[in-house]
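Input: a single structure, listed below in structure tokens.
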Amino acid sequence: MTARIGITCTNSAWPDTAAAQTRLHNYRLALENSGAQGEFLFLNDHTPADAVQLANQLDGLLLTGGADLSPELYGETLLEGAGVELVDARRPTLEFALVDEFAARGKPVFGICYGCQFLNVWAGGGLLQDIQLQWPQAIAHRAAPAAPHIEARHEIRIVPGSALSRILEVESANVNSFHHQGIAQAAPREKVPAKAVAQAADGIIEAIEFGSLQSGDWILGVQWHPERDRQSAVTQRLFDSFICACR
């Protein structure tokens, strides 16, 4: 059976520019490489009222990268100088409803970059509004300010014995990085607390997981962009695990 995966994104419809199209294609190709079919949930096509139907019809949910969540969603005010660029407010509104419904049905949810941050906020946690501003010892998580649209690469350390370490079969990896915000601390949600299971050398959280990641409670967020690094064994194992749980 081919798993059908809903893909959230900031786009209202299929984008016009080649760069934006490539970004979306990368997610769909990563899913296809693991034998799944991706279906984009564009903001002009779906509202929170559709969440129940989508959660019933689809086998899993992929939360893609994007701009920044409003600090109001995690109980903060905007910090001066944080360089926050707010995501279209329709997106997190839809995603709160979707993740609630998928989680209630035990259907897998995979968050990438913004998607990882969103899962932490969904579970009651907060974010660093700007890593450089709030984490002085930080390494580069994206290229220098003069080239803000260029990825960085760095090592991550994966917590031994975590579900993520079993999925990836390694305890360290070199990943591509493109973000200026990060998880402040893993969310303490009572029923489904987040566990920080990977960190960069500077202590920035690079992955969170919920539950045991067995089929029925597979909810995972990674801060890097595996879909842009599809030749990597780390990427293939991540997506293979996600799709296996969706079947």
Side-chain angles (χ1 to χ4, degrees), residues 5 7-10 19 22-31 33-34 38 61-69 87 108-121 125 127-128 130-132 135 138-144 147-159 162-187 194-210 213 218-243:
I5 310 300
I7 308 172
T8 67
C9 60
T10 310
T22 297
R23 284 195 294 272
L24 293 187
H25 272 307
N26 285 335
Y27 295 105
R28 185 153 58 190
L29 289 172
L31 291 170
N33 286 348
S34 293
L61 184 67
L62 176 62
L63 312 175
T64 67
D68 302 326
L69 288 162
V87 72
V109 180
F110 184 18
I112 291 175
C113 200
Y114 158 98
C116 177
Q117 296 165 10
F118 175 84
L119 285 174
N120 198 58
V121 173
L127 302 179
L128 298 168
D130 184 72
I131 291 172
Q132 285 192 324
W135 205 269
I139 63 173
H141 289 269
R142 62 179 180 181
H149 300 296
I150 305 299
E151 293 179 351
R153 295 197 72 94
H154 61 73
E155 295 292 318
I156 60 169
R157 299 187 303 270
I158 301 160
V159 173
S162 64
L164 182 64
S165 72
R166 293 193 295 273
I167 289 170
L168 299 185
E169 301 177 14
V170 296
E171 292 184 1
S172 66
N174 183 271
V175 299
N176 56 344
S177 181
F178 184 67
H179 60 104
H180 84 102
Q181 295 195 326
I183 291 172
Q185 61 181 17
K195 294 180 289 186
V197 291
Q199 290 183 324
D202 57 6
I204 294 292
I205 295 172
E206 291 287 330
I208 56 172
E209 65 186 37
F210 300 78
L213 296 198
W218 203 107
I219 303 178
L220 171 69
V222 301
Q223 187 61 76
W224 67 95
H225 277 276
E227 83 288 352
R228 301 181 188 174
D229 204 10
R230 292 193 304 280
Q231 303 308 310
S232 162
V234 164
T235 291
Q236 195 62 52
R237 289 167 184 161
L238 273 173
F239 278 89
D240 282 353
S241 175
F242 174 47
I243 299 311

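- In this structure the side chain of Leu63 never reaches within 4.5 angstrom of the side chain of Tyr114, judged on heavy atoms.
- Trp135 places a side-chain N or O within 3.5 Å of a backbone atom of Asp202 that can act as its donor or acceptor partner.
- Note that the CD atom of Gln181 and the CG atom of Asp68 stand 3.5 Å from one another [nearest 0.5 Å].
- Shown here for Ala186 and Ile183, the closest heavy-atom pair between the two residues is N-CG2, 4.0 Å.
- Of the inter-residue distances, the one linking Ile219 atom CD1 with Leu61 atom CG reads 10.0 Å to the nearest 0.5 angstrom.
- Taking both residues in full, the closest heavy atoms of Thr10 and Gly65 are given as OG1-O, 4.5 Å, listed atom of the first, atom of the second, then distance.
- If you take CD1 on Ile208 and CD on Gln185, they are separated by 12.0 Å, rounding to the nearest 0.5 Å.
- Taking every heavy atom of both residues into account, Val234 and Trp224 meet most closely at CG1-CZ2, 4.1 Å.
- Classification of the Phe110-Phe239 ring pair by plane angle, with boundaries at 30° and 60°, yields perpendicular.
- Donor-acceptor pairing under 3.5 Å is recorded for the side chains of His225 and Glu227.
- The CD atom of Glu169 lies 11.0 Å from the CD1 atom of Ile158; values are rounded to the nearest 0.5 Å.
- The structure places OH of Tyr27 at 9.0 Å from OG1 of Thr8, a figure rounded to the nearest 0.5 Å.
- For the pair Leu31 and Ile7, the minimum side-chain heavy-atom distance is below 4.5 Å.
- Across all their heavy atoms, Cys113 and His179 have their closest contact at SG-CB, 3.8 Å.
- No donor-acceptor pair closer than 3.5 Å links the side chain of Gln117 to the backbone N or O of Leu127.
- Contact check for Arg153 versus Asn176: side-chain heavy atoms found under the 4.5 Å cut-off.
- Within 6.0 Å of atom CD in Glu155, more than 12 heavy atoms from other residues, nucleotides or ligands are found, so the atom counts as buried in its surroundings.
- Using a 4.5 Å heavy-atom cutoff, the side chains of Asp130 and His180 are in contact.
- Using modelled atom types and a 3.5 Å distance limit, the side chains of Gln236 and Ser34 yield a donor-acceptor pair.
- Here the shortest heavy-atom pairing between Trp218 and Ile167 reads NE1-CD1, 4.1 Å.
- Between Ile112 atom CD1 and Leu238 atom CG the span is 8.0 Å, to the nearest 0.5 Å.
- A 4.5 Å side-chain heavy-atom check between Val109 and Phe210 finds every atom pair outside the cut-off.
- Scanning all heavy atoms of the two residues, the minimum distance from Val159 to Ser162 falls at O-OG, 2.7 Å.
- Two residues are said to be in side-chain contact when any heavy atoms from C-beta on lie closer than 4.5 Å; Gln199 and Gln223 fail this criterion.
- A donor-acceptor pair under 3.5 Å is formed between the side chain of Glu209 and the backbone N or O of Leu164.
- Counting heavy atoms from C-beta on, the side chains of Phe242 and Ile5 come closer than 4.5 Å.
- Looking only at distances, no side-chain donor or acceptor of Thr235 sits under 3.5 Å from a matching main-chain atom of Arg230.
- Residues Val175 and Asp229 have side chains not in contact (no heavy-atom distance under 4.5 Å, counting atoms from C-beta outward).
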